[in-house]
2 protein chains.
Amino acid sequence: MTSRGGKRMGAGRPKGTNHYGEPTKPVRIPVSKIDRVLRFVREREDMVPLYGNEVPAGFPSPADDYAEGVLDLNTHLVREPTATFFVRARGDSMIGAGIHDGDLLVVDRSLEATNGKVVIVSINGELTVKRLRKAKGRTWLTPENPDYPPIDFHEQDDTHLWGVVTNVVHSL
Amino acid sequence: MTSRGGKRMGAGRPKGTNHYGEPTKPVRIPVSKIDRVLRFVREREDMVPLYGNEVPAGFPSPADDYAEGVLDLNTHLVREPTATFFVRARGDSMIGAGIHDGDLLVVDRSLEATNGKVVIVSINGELTVKRLRKAKGRTWLTPENPDYPPIDFHEQDDTHLWGVVTNVVHSL
DNA sequence: TTTTTGAATAATGTAACAACATTCAAAAGG
DNA sequence: CCTTTTGAATGTTGTTACATTATTCAAAAA
C-alpha cells in the first residue's frame with residue numbers, strides 16, 4: 001500500500017482515559033497480598049453502598065453512583081488499627097447491651113474507660129465483657145442481665161482492664 | 001588507608017530479610033489509593049488480632065504472633081462485594097433478632113431468601129427488615145417483637161425483596 | 001581478642017521500555 | 001460530497017532494569 005502519512009494534529013489517545021480516571025504509579029507489594037490489593041483498587045471491593053430507609057433512585061444497581069454514600073467497614077469500625085483487637089463474646093450476661101453469645105466485639109485499647117462504657121476485663125486469665133460503673137469512689141463491673149450480680153472491680157494481679165468495646169458484630 | 005580487600009565468602013545480606021518476609025513485585029496503583037494500599041501492606045491495618053475467651057500468652061502485644069488468628073472485617077463480613085450493600089436499621093421491630101435502632105445491616109442480594117431468613121423488603125418505597133416465614137403455601141413477614149403483627153407478603157408493584165441480612169453491626 | 005572497614009549481596013523505589021489501546025484526520029473509494 | 005480505510009499520534013500498563021540503600025560477613029588493623 002502507499003503511504004497515507006502526513007501530519008495528524010491533535011491525534012492520539014486523550015489523557016485521563018485509563019481504567020481509573022487518574023494516573024497510576026508502580027508500587028512494590030508483597031506477592032501474597034497482590035491479589036487482595038488488585039481486587040481493592042480494581043473492583044472497589046471494600047466500598048459498599050450504604051442506604052437509608054427510603055428506596056434510593058439508583059436502587060438496586062450498586063454500580064451507579066451511591067446517593068447515600070459508600071462505607072468501608074475496616075475504616076468505619078477500626079479507628080486505631082494498632083490499638084484494636086477482636087474478642088468473641090461468650091454467654092448472655094450483656095444481652096441488654098445488644099451483645100449475644102458468639103458476637104464479635106471490636107475493642108479499642110486507646111479509649112479511656114469512663115463511667116458507663118462497655119469494657120473487656122480479664123479476671124483469673126479469662127476475658128469477660130461488662131459495663132463499667134463508677135460511683136462514690138468505687139468501681140463496679142455490672143452485667144446487663146438481671147440474672148447476674150455486679151462485681152466489685154479494682155486492678156490487681158489477676159484483674160486487668162484491656163479496652164473499651166466500640167462495636168458489636170452479630171451474625172444471623 | 002590501604003585496601004582491606006580479599007574474598008568474603010558467604011558475605012552479603014541474606015535472602016528473606018526484607019520488611020515483609022517474602023518477595024515483592026511492583027504493581028501499578030492509582031495515585032489516590034496508594035496511601036491506603038501502603039497502609040494495608042505495611043501496617044497490616046486490616047488484619048486485627050482475634051482472641052477467644054482465655055487471655056493469650058502474647059497479650060496485650062498485638063505486634064506478636066496472633067495465636068488466635070487475625071481477621072479482616074471486609075473479607076469476613078462481605079462475601080460477595082458486588083451483591084452486598086448496607087442499610088441503616090430503624091425502629092425496634094426486630095429487637096428479638098438482635099437488631100436495634102440505628103444498627104448497620106449487611107445485606108447480601110445473592111443469597112436465597114429461604115424460610116427463617118431475615119430479609120430487607122421495600123414496601124411503598126420504604127425499606128424494612130423482617131423475618132421471612134413460609135408455610136402452607138403462603139409467605140409472611142414477621143417482626144421479632146410481640147408489639148408488631150406479621151404482614152402477608154407477595155411481590156407486587158410496590159413490594160420487593162432486596163436481599164438477606166447476614167450481619168448486624170451495633171455501635172455502643 | 002576486639003574493633004574497623006570495605007566487599008558481597010539482597011531489598012527497594014522509580015525510571016524506562018515494549019506491547020497494547022485509543023483517537024484523529026488524511027487518503028481512498030464511492 | 002460523504003463514507004470507509006488506514007496509519008500516525010499519543011496515553012496506558014505490566015514488567016524489567018537499575019541506581020541507591022540496607023545488611024551481613026570476615027579480613028585487616030589495633
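Just so it is clear, the structure is predicted and the values come from calculations on it, not from any experiment. Residue numbers begin at 1 in each chain, while the letters A, B, ... track the order of the sequences.
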Can you tell me the distance, in whole Å, between the [atom1] atom of [X] and the [atom2] atom of [N]?
X	N	atom1	atom2	result
B:Ile34	C:dG13	CD1	P	11 Å
B:His19	C:dT12	NE2	P	8 Å
A:Ile29	D:dG14	CD1	P	13 Å
B:Lys25	C:dG13	NZ	P	16 Å

Let me see the working for A:Ile123 and A:Leu141 under side-chain contact (heavy atoms from CB on, under 4.5 Å), right down to the final yes or no. CA-CA 11 Å; A:Ile123 302 178; A:Leu141 298 173; 4.3 Å; yes
Steps toward side-chain contact (heavy atoms from CB on, under 4.5 Å) verdict (B:Ile34, B:Ile29): CA-CA 6 Å; B:Ile34 288 180; B:Ile29 306 289; 3.9 Å; yes
Tell me, for nucleotides 17-22 of chain C in 5' to 3' order, what letter each nucleotide earns: B for a base near a protein heavy atom under 4.0 Å, S for only sugar-phosphate near one, - for neither? ----BB
For B:Trp162 and B:Val107, run side-chain contact (heavy atoms from CB on, under 4.5 Å): C-alpha distance rounded to whole Å, both residues' side-chain angles, the deciding distance at 0.1 Å, then the answer. CA-CA 8 Å; B:Trp162 288 113; B:Val107 186; 5.6 Å; no
With no hydrogens and no angle check, is any side-chain donor or acceptor of B:Arg88 less than 3.5 Å from a backbone partner on B:Gly102?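 Here the side-chain-to-backbone pair exists.
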When all nucleic acid strands are considered with a 4.0 Å heavy-atom cut-off, which category describes B:Pro26: base, sugar-phosphate, or nothing?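 If one applies the 4.0 Å heavy-atom cut-off, B:Pro26 turns out to touch a base.
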Which listed nucleotide (D:dG11, C:dT12, D:dT13) is nearest to the side chain of A:Lys15?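 Given the options D:dG11, C:dT12, D:dT13, the side chain of A:Lys15 is closest to D:dG11.
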Summary of salt bridge (Lys or Arg N to Asp or Glu O under 4.0 Å) pairs that have at least one residue in residues 131-140 of chain B, sequence neighbours excluded: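 Listed by first then second residue: B:Arg131-B:Glu144, B:Arg138-B:Asp152.
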Can you hop from A:Tyr20 to A:Val27 via hydrophobic side chains spaced under 4.5 Å?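 Hydrophobic grouping puts A:Tyr20 with A:Val27.
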Nearest-nucleotide 5' precedence on DNA chain D, A:Asn18 against B:Val27: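 So the residue in question is A:Asn18.
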